[in-house]
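One structure is given below, encoded as structure tokens.
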Amino acid sequence: MSKIKIKNLIFCFLYNTIAKVLPLDSMPYSKGLKESRYFLFSRCIRECGNNIKVDKNVYISPYIKVGDNVRISENCKIRKNTSIGDNVLIGPGVHILTATHNFEKIDLPVCKQGTTQYNVQVGNDVWIGTNAIILPKVKVGNHTIIAAGSVVTKDIPDYAIVGGNPAKLIRSRVDKEMKK
């Protein structure tokens, strides 16, 4: 393992043990905590853009990429092999999952068959609502909105507004803008 990777893992350990449990930035006694959390977060992950805000209790893998102007609200989980574009809002309790259990062998318990890792890509200018879940292999298009509590099981096209379980197209943001 190269020194850069070891350094990232050390920062990730510090982030996950110290910074992620610091109080929310909105508390009156939290001066400087936002900067401390960002410092460790930005050195922990594979690539980190500018102007990132990460709230309390955000679990992240060191193997993710985050663009510029991203807000990750409290209690989110973002697994490895995730790429997040620029200008993205991630609401509280969002889970972005990138692994799935193997289950093909019926003579072997599922828990003993291992997992398969996939990528998840979140485009630019995306708003992911509270407690949404994005499953492995999903590509979220640019300028999309995912409603609170949605379960995203397949790719979302650009400018879509989706919601539900499984998430379905509610309407296009482009159509709405064209009607003005």
Side-chain angles (χ1 to χ4, degrees), residues 4-5 8-9 12 15-16 20 38 41-55 57-104 110 113-179:
I4 293 174
K5 288 185 179 179
N8 283 50
L9 293 175
C12 200
Y15 169 81
N16 281 308
K20 85 174 199 175
Y38 171 75
F41 177 88
S42 66
R43 282 150 183 83
C44 166
I45 64 175
R46 184 178 290 162
E47 289 181 31
C48 186
N50 297 309
N51 193 30
I52 309 300
K53 184 166 191 274
V54 180
D55 281 344
N57 201 31
V58 171
Y59 168 85
I60 48 107
S61 162
Y63 306 103
I64 66 171
K65 297 177 184 179
V66 177
D68 296 330
N69 305 311
V70 173
R71 163 83 190 265
I72 305 172
S73 298
E74 66 271 7
N75 302 318
C76 291
K77 289 187 167 91
I78 303 173
R79 306 293 181 170
K80 70 180 181 178
N81 302 327
T82 299
S83 174
I84 298 170
D86 298 332
N87 304 306
V88 174
L89 295 172
I90 301 176
V94 168
H95 291 245
I96 300 176
L97 308 173
T98 57
T100 145
H101 291 280
N102 300 326
F103 57 89
E104 289 76 22
V110 173
Q113 293 188 43
T115 60
T116 302
Q117 288 291 327
Y118 297 99
N119 295 327
V120 169
Q121 184 178 3
V122 176
N124 299 315
D125 184 28
V126 173
W127 174 19
I128 305 172
T130 300
N131 293 323
I133 299 171
I134 300 174
L135 295 180
K137 295 199 272 188
V138 168
K139 181 181 181 211
V140 177
N142 297 316
H143 315 288
T144 62
I145 298 172
I146 300 171
S150 298
V151 179
V152 181
T153 60
K154 46 189 166 175
D155 292 353
I156 300 173
D158 292 350
Y159 296 99
I161 300 174
V162 300
N165 180 6
K168 293 185 179 3
L169 181 66
I170 296 171
R171 71 171 198 249
S172 171
R173 291 180 69 196
V174 176
D175 294 341
K176 181 78 172 164
E177 290 174 4
M178 289 179 164
K179 290 178 184 176

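For this chain, numbers begin at 1 and follow the sequence in order.
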Check whether any side-chain heavy atom of [X] sits under 4.5 Å from a side-chain heavy atom of [Y], and report yes or no.
| X | Y | result |
| --- | --- | --- |
| Thr100 | Thr115 | no |
| Val58 | Tyr15 | yes |
| Asn75 | Pro92 | no |
| Trp127 | Val88 | no |
| Asn16 | Tyr59 | yes |
| Ile134 | Ile96 | yes |

For [Y], does its backbone N or O pair with a side-chain atom of [X] as donor and acceptor, under 3.5 Å?
| X | Y | result |
| --- | --- | --- |
| Gln113 | Glu104 | yes |
| Ser150 | Gly164 | yes |
| Asn142 | Asn124 | yes |

The test is side-chain contact (heavy atoms from CB on, under 4.5 Å); show your working for Thr130 and Val94 and say whether it passes. CA-CA 6 Å; Thr130 300; Val94 168; over 6 Å; no
Supply the atom-to-atom distance [X] [atom1] to [Y] [atom2], rounded to the nearest 0.5 angstrom.
| X | Y | atom1 | atom2 | value |
| --- | --- | --- | --- | --- |
| Leu135 | Thr98 | CG | OG1 | 11.0 Å |
| Tyr118 | Thr82 | OH | OG1 | 14.5 Å |
| Arg71 | Ile90 | CZ | CD1 | 10.5 Å |
| Glu47 | Ser42 | CD | OG | 13.0 Å |
| Arg46 | Lys65 | CZ | NZ | 6.0 Å |
| Tyr63 | Arg79 | OH | CZ | 14.5 Å |

side-chain contact (heavy atoms from CB on, under 4.5 Å) between Asp68 and Asn87, worked out: CA-CA 6 Å; Asp68 296 330; Asn87 304 306; 5.8 Å; no
So, for [X] and [Y], which heavy atoms are closest and what is the spacing to 0.1 Å?
| X | Y | value |
| --- | --- | --- |
| Lys137 | Asp155 | O-OD1, 3.5 Å |
| Tyr159 | Thr144 | N-CG2, 3.7 Å |
| Cys12 | Ile60 | SG-O, 4.2 Å |
| Asn8 | Cys44 | ND2-O, 3.5 Å |
| Asn81 | Gln117 | ND2-OE1, 3.5 Å |
| His143 | Arg173 | O-NH1, 2.9 Å |

### Query
Between the side chains of Asn102 and Thr116, is a donor N or O closer than 3.5 angstrom to an acceptor N or O?
yes
| message | Can you see whether Asp86 engages Asn69 through a side-chain donor-acceptor pair at a distance of less than 3.5 angstrom? | response | no
For Ile145 and Val162, run side-chain contact (heavy atoms from CB on, under 4.5 Å): C-alpha distance rounded to whole Å, both residues' side-chain angles, the deciding distance at 0.1 Å, then the answer. CA-CA 6 Å; Ile145 298 172; Val162 300; over 6 Å; no
Per side-chain contact (heavy atoms from CB on, under 4.5 Å), Ile133 is matched among Val152, Asn165, Leu97 by Leu97
